[in-house]
Amino acid sequence: MEKQRLDKIVASTGKWSRREVKELVRRGQILADGAAVRSADEKFDPEAVTLTVEGEPLLYRRYTWVMLNKPAGYLSATEDGRGPTVLDLLPEELRRQGLFPVGRLDRDTEGLLLLTNEGALAHALLSPKRHVDKVYYARAAGRLAEADCRAFAGGMTLEDGFQCQPAVLEILTAGETSEVLVTLREGKFHQVKRMLAARGAPVMYLERVKMGNLVLDRSLLRGKFRFLTEKETESLRRLV
Ligand code: URA
């Protein structure tokens, strides 16, 4: 792999800023193949060099994957004049790595959103051919019942003629307001909202809780993110 500046390699983990890397180098706390690095702009092949930072081996990853617990009020875009984007919730060191959201959640939808800079895998996961399940929790204004589950399973036709693939509607509680889980294999614009509205139950609240085999990490507060583990990125690779 092409050589890169040490501060870029170390900061790409998201744990230290470039300024902190400089300070670590000054204190002799970064070793490259066992020898203290002298300058933060020294260049190394990140896949060939063994780096340790404060005595701990540095795990370099070519691509970055993060799971964000998206709050309402943020657009799933990298930049947008209309308001804050999910990128605004990440530290600068990660923003610099060219992360983008894997698919979109509406501005008012919360929950699991992946961001990465690994374009090929991200696009493969989003391809309708891959059938990656997405699960949403919704609170809807209306009493949903067995007939609605059958309509979802049969593949609904929306008011504009769009033919949905079969989907799963699971009713958690039914009343004047119903709580449901919706599992989709596609992701057309406002799809969950449109499907539930077509059954007479407009969505009041929507949260994505699962994508493929990744479940929203409940230890993440809204607006917070964490890196995916190696095992989690492997599980995504296996899906495609
Ligand atoms: N379906 C919707 O209606 N909105 C989302 O944000 C995601 C799925």
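Here the structure is a predicted model, which is why all the values come from computation and not from measurement.
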I need the minimum non-hydrogen distance between [X] and [Y], along with the two atoms involved.
X	Y	value
V86	P101	CG2-CG, 4.1 Å
L216	R208	CD2-O, 4.0 Å
K70	R107	NZ-O, 2.9 Å
S12	Q97	O-NE2, 2.9 Å
L239	L125	CD1-CD2, 4.1 Å
P166	A153	CB-O, 3.2 Å

Going by heavy atoms in the side chains, are [X] and [Y] under 4.5 Å from each other?
X	Y	result
L68	L112	no
T13	E93	no
E186	F162	yes
V182	F152	yes
E170	V180	no
K43	Q4	no
I9	L51	yes
E54	W16	yes

>> Show, in sequence, the C-alpha distance, side-chain angles and deciding distance for V53 and L24, and conclude whether the side-chain contact (heavy atoms from CB on, under 4.5 Å) test is met.
In response: CA-CA 8 Å; V53 181; L24 286 163; 3.8 Å; yes
>> Please determine whether side-chain contact (heavy atoms from CB on, under 4.5 Å) holds for the pair V203 and R139, giving the CA-CA distance in whole Å, both sets of side-chain angles, and the decisive distance to 0.1 Å.
In response: CA-CA 6 Å; V203 166; R139 260 197 314 276; over 6 Å; no
Got a second to check how far [X]'s [atom1] is from [Y]'s [atom2], nearest 0.5 Å?
X	Y	atom1	atom2	answer
T52	L58	OG1	CG	9.0 Å
L6	F44	CG	CZ	5.5 Å
M195	T157	CE	OG1	10.0 Å
K134	L105	NZ	CG	10.5 Å
L114	E232	CG	CD	9.0 Å
R199	C149	CZ	SG	9.5 Å

Is the shortest side-chain N to carboxylate O distance from [X] to [Y] below 4.0 Å?
X	Y	result
R61	E230	yes
R19	E23	no
K3	D45	no
D217	R226	yes
R218	E207	yes
E118	R237	yes
E42	R38	no
R143	E176	no

Indicate if [X] and [Y] have the same hydrophobic cluster label, given that clusters are the connected sets of ILVMFWY residues with side-chain heavy-atom separations under 4.5 angstrom.
X	Y	result
L113	L89	yes
V192	M204	no
M67	Y74	no
L121	L214	yes
V135	L220	no

Give a yes or no on whether the backbone of [Y] and the side-chain of [X] come within a donor-acceptor separation of less than 3.5 Å.
X	Y	value
S178	G142	yes
R95	L90	yes
D33	T50	yes

> Of V102, N117, L99, L115, which meets side-chain contact (heavy atoms from CB on, under 4.5 Å) against W65?
Replying inline: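 Of all the options given, the one that passes is V102.
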>> Between L94 and F227, is the side-chain contact (heavy atoms from CB on, under 4.5 Å) condition met? List the steps.
In response: CA-CA 11 Å; L94 286 183; F227 291 93; 4.0 Å; yes
>> With salt bridge (Lys or Arg N to Asp or Glu O under 4.0 Å) as the criterion, how do K193 and D108 come out once you've worked through the C-alpha distance, each side chain's angles and the decisive distance to 0.1 Å?
In response: CA-CA 11 Å; K193 291 177 182 166; D108 58 354; 2.7 Å; yes
Look at atom [atom1] of [X] and say whether more than 12 heavy atoms of other residues, nucleotides or ligands are closer to it than 6.0 Å.
X	atom1	value
R104	CZ	no
Q163	CD	yes
E234	CD	yes
R27	CZ	yes

>> With side-chain contact (heavy atoms from CB on, under 4.5 Å) as the criterion, how do E20 and K15 come out once you've worked through the C-alpha distance, each side chain's angles and the decisive distance to 0.1 Å?
In response: CA-CA 9 Å; E20 287 165 336; K15 290 190 191 153; over 6 Å; no
>> Show, in sequence, the C-alpha distance, side-chain angles and deciding distance for R222 and E110, and conclude whether the salt bridge (Lys or Arg N to Asp or Glu O under 4.0 Å) test is met.
In response: CA-CA 8 Å; R222 283 277 184 240; E110 301 196 312; 3.0 Å; yes
